[in-house]
Amino acid sequence: MKYMLLIYNNPSEEPKYGTPEFDSMMSDFFAANEKMKEDGVLVDGEGLQGIETATSLRVKSGKVETMDGPFAETREHLGGYYVLEVPDLDAALKYAALIPSAKFGTIEVRPLMDYSPAA
Amino acid sequence: MENTTPQTIAVGKALDEVIRNDRGRLLAGLISRLGDFQLAEDALQEASISALGHWGRTGIPNSPMAWLMRVALNKGIDRIRASSREDIKAENLSHVAMKYVEDIDPEEIPDERLRLIFACCHPALEEKSRIALTLRTVCGLTTREIAAVFIDVDSTIGQRISRAKTKIKSKGIGFSIPEPEHWDTRLDTVLSTIYLIYTTGYVEQESESRDFCEEALFLVQLLNELNPGDPEIEGAFALMLFTQCRKVARVDSDGASVPVAEQNRQLWNHLQKEQANKLLQNALKRNSPGPFQIKAALADCHMAQPTPDWKQMSFLYHSLWKFEPTPVVALNWAVVLSELGEEQLALDKIETLKGELAEFQPWYAARAHVLTRLGRCEEARAAYAEAIERSQSLANTKFLSTKLRQLESAD
């Protein structure tokens with residue numbers, strides 16, 4: 001099954017750039033990434049720029065409305081994601097626990113929809 | 001000519017028996033091969049119906065379980081074939097060998113209930129769903145029997161179970177035994193679920209429905225057989241037996257609950273107590289302490305003669321705190337400290353927990369008890385009144401009311 005691991009965290013609780021905590025977060029991210037690649041489960045993964053860069057769009061009565069800012073103002077922001085191909089939820093959770101943001105934020109694990117036709 | 005009526009009755013009885021004893025095992029085997037909870041249950045249901053007809057004509061087979069497994073498996077495969085023609089989504093079932101089964105050797109049916117238990121008690125499911133699903137699939141209780149104890153509507157429990165089955169499939173919860181690195185936490189969820197089934201049954205006193213305590217004991221015993229030598233399983237089993245052996249003694253003839261130290265020891269079930277002691281001793285020998293072993297040891301010390309071993313209990317709460325730094329553990333520890341003559345310290349500790357335990361009835365009862373020991377009668381009376389107001393069982397209310405009356409007649 002394919003799972004998306006959505007990384008949410010509160011920017012004020014993240015380690016600050018230049019601190020030893022920041023360095024260890026970076027090396028932990030790197031290690032998690034390496035592990036996913038080595039195990040052959042990593043399909044995709046990216047980090048996102050901050051929510052101040054976000055633009056939100058809706059179409060209302062045929063008219064495009066754009067807004068400066070994210071879809072919802074929440075304390076924890078979506079900061080990045082991974083897509084993994086693993087056998088089951090337990091395996092996905094195992095990799096989710098390796099992501100350093102789990103220590104100060106939340107990793108939401110969701111199966112992707114499968115559109116493959118019947119065998 | 002043979003008489004058909006007795007034959008029909010015999011078939012019905014044989015089927016009942018195999019379903020009662022082996023339903024969990026059959027289901028586990030079917031789920032592991034068919035990869036789907038609902039499909040496995042439907043297939044077993046269909047196979048049971050055919051069994052009535054077949055066995056009536058040809059006699060009861062040598063191994064009714066193997067017969068049911070074979071027929072249910074083939075019914076399940078039929079359904080998969082039909083659904084892959086009609087409604088497209090069969091991707092989860094692609095791993096199933098789509099070959100009909102000719103013959104099954106009953107000796108070769110592996111017992112896959114351990115995997116079934118881990119799937120039903122997966123932490124990605126809600127607590128109440130875990131309980132309901134485990135009772136339904138592993139113990140074979142009907143939704144009505146489960147609803148009776150939860151004081152819930154039949155259909156609500158039915159929906160809860162069917163949602164849980166859907167979630168197992170949609171979230172991709174595997175039908176497998178956790179890897180060693182996850183074993184401890186996953187086992188803890190399983191044991192906590194079983195223990196909750198136990199305590200749900202324990203507070204439910206006068207009920208004609210299925211006894212959840214018995215079901216929980218069945219489950220923990222099964223777990224201990226399927227995975228022998230695990231100290232936490234032994235600890236949980238011991239804890240439940242220590243509690244179970246006091247079941248009759250916990251309420252007096254007036255229906256009021258009796259604290260462990262004041263119970264009539266004659267009424268304890270000494271066979272169960274002995275079995276609990278043995279299990280606990282075995283667990284401790286393995287030198288790998290855990291919360292259930294500590295709680296079992298606490299129960300053992302609480303039942304010590306002639307009085308509870310409060311000192312040892314205080315040490316044990318200290319160890320438990322390392323595993324479970326929860327306000328409830330802190331509260332119980334404080335009560336033990338008050339028994340050791342540290343009433344003021346205990347009261348101070350209890351007061352600091354007020355915010356976290358404002359909704360927890362035992363907090364009020366514990367505070368009342370410690371205030372009484374301190375001789376602060378007026379405050380104790382008010383505290384007992386608060387505890388009575390929040391009491392959820394008649395036995396508890398009666399016990400607390402007696403305490404309150406004793407305080408009132410004292411002055």
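Just so it is clear, the values below take in all heavy atoms, side chains as well, and ignore hydrogens, waters and symmetry mates. Here is how names work: the chains are called A, B, and so on, in the same order as the sequence lines, proteins then strands, and each is numbered from 1.
In this structure, Phe22(A) places its CZ atom where more than 12 heavy-atom neighbours from other residues, nucleotides or ligands lie under 6.0 Å away. In the displayed structure, Lys128(B) atom NZ is contacted under 6.0 Å by more than 12 heavy atoms of other residues, nucleotides or ligands. Sparse packing is recorded around CD of Glu359(B), with 12 or fewer heavy atoms of other residues, nucleotides or ligands lying under 6.0 Å away.
Between Ser170(B) and Pro111(A), the shortest heavy-atom distance links the atoms O-CG, 3.0 Å. The minimum heavy-atom distance between Asp88(A) and Ser176(B), with the atom names listed, is OD2-OG, 3.9 Å.
Every side-chain hydrogen bond (donor to acceptor under 3.5 Å, both in side chains) that Asn33(A) has, sequence neighbours left out, goes to Tyr82(A). With sequence neighbours left out, Tyr198(B) forms a ring pair (Phe, Tyr, Trp, His ring centres under 6.0 Å) with Tyr202(B).
The side-chain heavy atoms of Lys171(B) and Arg110(A), taken from C-beta on, include no pair separated by under 4.5 Å.
The distance from the CG atom of Leu93(A) to the CZ atom of Arg186(B) is 9.0 Å, given to the nearest 0.5 Å. How far CG of Asp90(A) is from CD1 of Ile173(B): 8.0 Å, rounded to the nearest 0.5 Å.
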